[in-house]
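The structure displayed is predicted, hence computed values, not measured ones. Lettering of chains follows the sequences in order, A, B, ..., and the numbering in each one begins at 1.
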Amino acid sequence: MRDDKVYTVTGLTKDIRFLLEDTFPDVWVEGEVSNHTVSSAGHAYFSLKDKASVLNCVLFRGSGSRVAFRMEDGMKVLCRGRVSVYDKRGQYQLYVSGVEPRGRGSLQIAFEQLKKKLLEEGLFDQKHKKELPMLPTTVGVVTSPTGAAVRDILNVARRRFANVEILIRPVRVQGGEAKKDIAEAIKELNEFNRQAAGSGGRDRPIDVIIVGRGGGSLEDLWPFNEEEVARAIFASKIPVISAVGHEVDYTISDFTADFRAPTPSAAAELVIPLKEDLVARITGLGDRMYLAVKGRTDLYEKEVSRLGSSYVLRAPMNVLLRLEQQVDELARSSASSARHAVELAEKDLGVSTGKLSALSPLAVLERGYSITFKDGKAVKKAGGLKKGDLLVTRFAEGQASSRVEDREKGAVDG
Amino acid sequence: MMAKVNKSKDVSFEKALEKLEKIVEELENGDLPLEGSLKKYEEGVNLARLCREKLDKAKKTIETLAKNSEGMFQKEPFEDEEEE
């Protein structure tokens with residue numbers, strides 16, 4: 001058959017290639033992934049197999065970057081591509097342009113894979129979570145300037161505490177470029193704090209960042225499931241609250257952030273406190289403080305009453321009264337800081353005036369006792385008196401003078 | 001002896017509140033002598049007042065942040081657009 005054309009190896013391979021390329025320019029193949037490897041250049045090589053056959057596949061870096069999840073051996077996938085020949089090896093293979101997982105959606109798998117990876121790396125560890133400031137003066141917001149999230153956050157800010165500066169760093173929150181925007185914005189806000197630190201107080205540093213967007217489909221929320229965004233959140237020195245979509249939506253950002261808020265509104269409510277709540281808290285502390293000190297002085301009062309109520313105790317009583325007055329004055333002077341405490345103090349003062357007067361030597365006199373003075377000093381011992389000494393006796397009402405006739409040193413039943 | 005007390009201007013609300021809480025606890029524990037607790041009480045009252053002042057010094061701004069051509073950050077008033 002000398003008339004037959006003699007091919008060169010290259011020629012035949014080329015013809016086979018054309019044949020295959022013409023016949024299978026765009027096909028879908030389903031199979032199980034095996035021998036999956038990625039070269040240093042970023043191209044992925046793997047085989048698709050079923051019970052009887054094996055098909056070599058290559059997924060070049062360009063096409064591979066559009067595949068959201070990471071292929072793993074054993075995974076059932078659907079590949080789209082063209083069949084051609086790798087001339088140097090005389091090997092036909094599928095040049096893959098797209099991969100879809102079978103069973104679960106690719107985004108779902110990608111989500112689970114990234115979650116697992118970052119979890120293992122420790123990005124979600126509780127020990128990395130920063131505390132949220134209780135009363136931030138400057139809140140950074142990374143979101144779309146026209147989306148629902150920004151409006152919700154501003155509404156909350158208007159409704160709640162006014163003393164807050166909101167700095168919006170506008171970004172795209174969906175589409176392929178969004179992840180870069182968001183990650184960059186978080187970095188920039190941290191950079192801003194370094195600038196603010198050097199501004200001599202002109203710029204206040206950002207105390208907390210809210211990153212998020214309103215609700216949408218899984219695809220819409222996808223940028224918040226990107227590794228780049230997660231890493232930027234993790235690297236932020238400023239505490240980050242992730243607020244993506246609705247309550248039911250969980251994203252990688254949520255896991256990585258210092259705090260997850262179910263919605264952007266909730267995030268704003270978290271960091272922007274109600275002024276009334278804070279006032280109530282301060283007032284509550286004022287009350288406790290007052291009561292604690294009051295409790296102390298009351299204790300001393302009791303002690304005094306236990307020891308008795310002779311005239312000499314007027315001196316410590318006076319100290320006590322002075323201290324109580326001081327306490328009450330302080331409570332009153334803090335009218336703006338502890339309104340409530342003052343009311344309480346005044347009410348309490350009424351009570352304690354009654355209590356004190358019950359203990360006062362004058363009240364004792366009401367009960368029929370009297371105090372005897374010699375040279376202006378209360379007489380406690382009969383032994384110190386001589387016949388003829390002038391005594392002044394103080395009654396509940398009025399006083400009388402008298403002179404000593406006789407005395408006995410010992411105790412007298414009283 | 002209490003020189004550190006009245007540097008209060010620079011104290012943040014949170015710091016002041018934190019200090020106030022500590023004072024309340026100390027007072028409630030009742031370990032201090034009476035005169036000492038009155039000093040603490042006075043300090044606490046001042047802190048409470050400072051906190052209130054901070055709360056009342058209210059001013060809200062909403063701005064956007066962008067870098068200018070020199071790479072410095074600049075704030076612009078935020079235009080709240082009413083469309084979705």
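- We find the CD-CD1 distance between B/Glu21 and A/Ile282 to be 10.0 Å, quoted to the nearest 0.5 Å.
- The two atoms that bring B/Leu65 and A/Pro170 nearest to each other are O-CD, 3.9 Å, heavy atoms only.
- Annotation: A/Lys129, atom NZ; neighbour count of heavy atoms from other residues, nucleotides and ligands within 6.0 Å is above 12.
- Other residues, nucleotides and ligands place no more than 12 heavy atoms under 6.0 Å from the NZ atom of A/Lys237.
- To the nearest 0.5 angstrom, A/Arg288 atom CZ is 6.5 Å from B/Glu25 atom CD.
- Atom CD of B/Glu42 and atom CE of A/Met289 lie 10.5 Å apart (nearest 0.5 Å).
- Contact check on B/Lys67 versus A/Glu184 returns no salt bridge, with no Lys/Arg side-chain nitrogen under 4.0 Å from an Asp/Glu carboxylate oxygen.
- The two residues B/Phe73 and A/Gln195 make their nearest non-hydrogen contact at N-OE1, 3.0 Å.
- Atom CG of A/Leu285 is separated from atom CD1 of B/Ile23 by 10.0 Å, given to the nearest 0.5 angstrom.
- The nearest pair of heavy atoms linking B/Thr61 to A/Glu165 is OG1-CG, 2.9 Å.
- Between A/Leu154 and B/Phe78 the shortest side-chain heavy-atom distance falls below 4.5 Å.
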